[in-house]
Amino acid sequence: MKIATWNVNSLRVRLDQVRDWLAAANPDVLAIQETKLRDEDFPVAALEAIGYRAAFSGQPTYNGVALLSRQPAANVGTQIDGFEDPQKRVLAASFGSLRVINLYVPNGQSVGSDKYRYKLEWLAALELQLARELRAHEHCVVLGDFNIAPEDRDVHDPAAWEGKVLCSAAERAALKRIMALGFCDAYRRFPQAEQTFSWWDYRAGGFRRNRGLRIDLILASEALCPDCRSCYIDTGPRGLERPSDHTPVVADFDF
DNA sequence: ATGGTGGCGCGGCCA
């Protein structure tokens, strides 16, 4: 199973890039975030035309998540149980015995803001949800835009980002608690070049200067970690005309 | 440099 994540920053704008990437990379599952589409506007036919089924949970203008897959999604969930949230940020589904949970973690805006508090509350609720998912499903992949750079080596300029949103101690601690439920970071199971990132700000030539962060993650449950054969970031789409500010991350599992 | 760019949707929010 080849499983990937990509924050597309508007599926309407990026549909051709997504279709091209699916045709070239041929993943079994692609988790996308920031679709920014109402469910009734989701391009089901355009994806079915290239052999992908779609499950989605969207809203106009903001947020929105989807799972594009060769086989149809089963047992689809769109909520963190017990956490009322109108923002569409979670999409869980089963593909055979594999549970896949696609996340668009809140950005948090700035440390100390209302949105930052919402992010930390959301992550605490997510931790409980993932504990439940792990109890029900031994083989879990949790992936998406985490809006957290796990460590300083995931940051182009750790000194400039120290304590800032996406890098703050409280966010990293929340991620560590989630990892401690029993997940590995697929990317860090393998040797990787330094200064490799998955997101670069549109402003000030961020990508050209490789001023990025690794905030798009693929977590595998402990039972699944030994089956992970590779994990890589595909920077190709970030270099296209009119790109998303994120680029795909891919993990290949013997599963 | 408290900026810069991009998406949505048409003013201002969000990232």
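Each chain gets a letter, A, B and so on, in the order the sequences are listed, and its residues count up from 1.
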Hey, which of these two, A/N63 or A/V13, hits DNA chain B nearer its 5' end, going by closest nucleotide? A/V13

Just the rounded figure in Å: distance from C1' of B/dG7 to CG of A/L37. 12 Å

Of the nucleotides B/dA15, B/dC8, B/dG6, which one has an atom closest to the side chain of A/S10? B/dC8

Nucleotide B/dG6, atom P - distance to CG of A/D201 in whole Å: 10 Å

Within the 4.0 Å heavy-atom criterion, would you say A/R14 contacts the bases, only the backbone, or no part of the nucleic acid? sugar-phosphate

In this structure, how many angstroms lie between the C1' atom of B/dG6 and the CH2 atom of A/W200, rounded? 16 Å

Quick one: CZ on A/F42 to CG on A/L68, what's the gap to the nearest 0.5 Å? 5.0 Å

Measure from CZ on A/F207 to C1' on B/dG4 and round the result to the nearest Å. 18 Å

P gap between B/dG12 and B/dT2, integer Å: 22 Å

Is A/R242 close enough to B/dG7 that one of its side-chain N or O atoms is under 4.0 Å from OP1 or OP2 there? yes

In whole angstrom, give me the gap between the P atoms of B/dG3 and B/dC13. 15 Å

Using atom P in both nucleotides, what's the gap between B/dG9 and B/dA15 to the nearest angstrom? 15 Å

Check whether the side chains of A/N102 and A/Q33 place a donor and an acceptor atom closer than 3.5 Å, and report yes or no. yes

Rounded interatomic separation in angstrom, taking CD from A/Q109 and P from B/dG12: 17 Å

Whole-Å distance separating the CG atom of A/D41 from the P atom of B/dC8: 12 Å

Kindly confirm or rule out a cation-pi arrangement of A/R229 over A/F253, judged by NZ or CZ under 6.0 Å from the six-membered ring centre and within 45° of its axis? no

From the list B/dA15, B/dC8, B/dG9, which nucleotide is the closest neighbour of the side chain of A/K115? B/dA15

Given the C1' atoms of B/dA1 and B/dG11, what is the spacing between them in whole Å? 26 Å

Given that A/R203 and A/Q87 both sit by DNA chain B, which one's nearest nucleotide is further toward the 5' end? A/R203

Hey, could you give me the CZ/CG distance between A/R89 and A/D145, rounded to the nearest 0.5 Å? 9.0 Å

Would you kindly give the OH-to-C1' distance between A/Y62 and B/dA15, to the nearest whole Å? 10 Å

Is there a disulfide between A/C184 and A/C225 in this structure (defined here as SG atoms under 2.5 Å apart)? yes

Ignoring backbone atoms, establish whether A/T61 has a side-chain N or O less than 4.0 Å from OP1 or OP2 of B/dC13. no

Let me know the distance between CD of A/E241 and P of B/dT5, rounded to the nearest Å. 17 Å

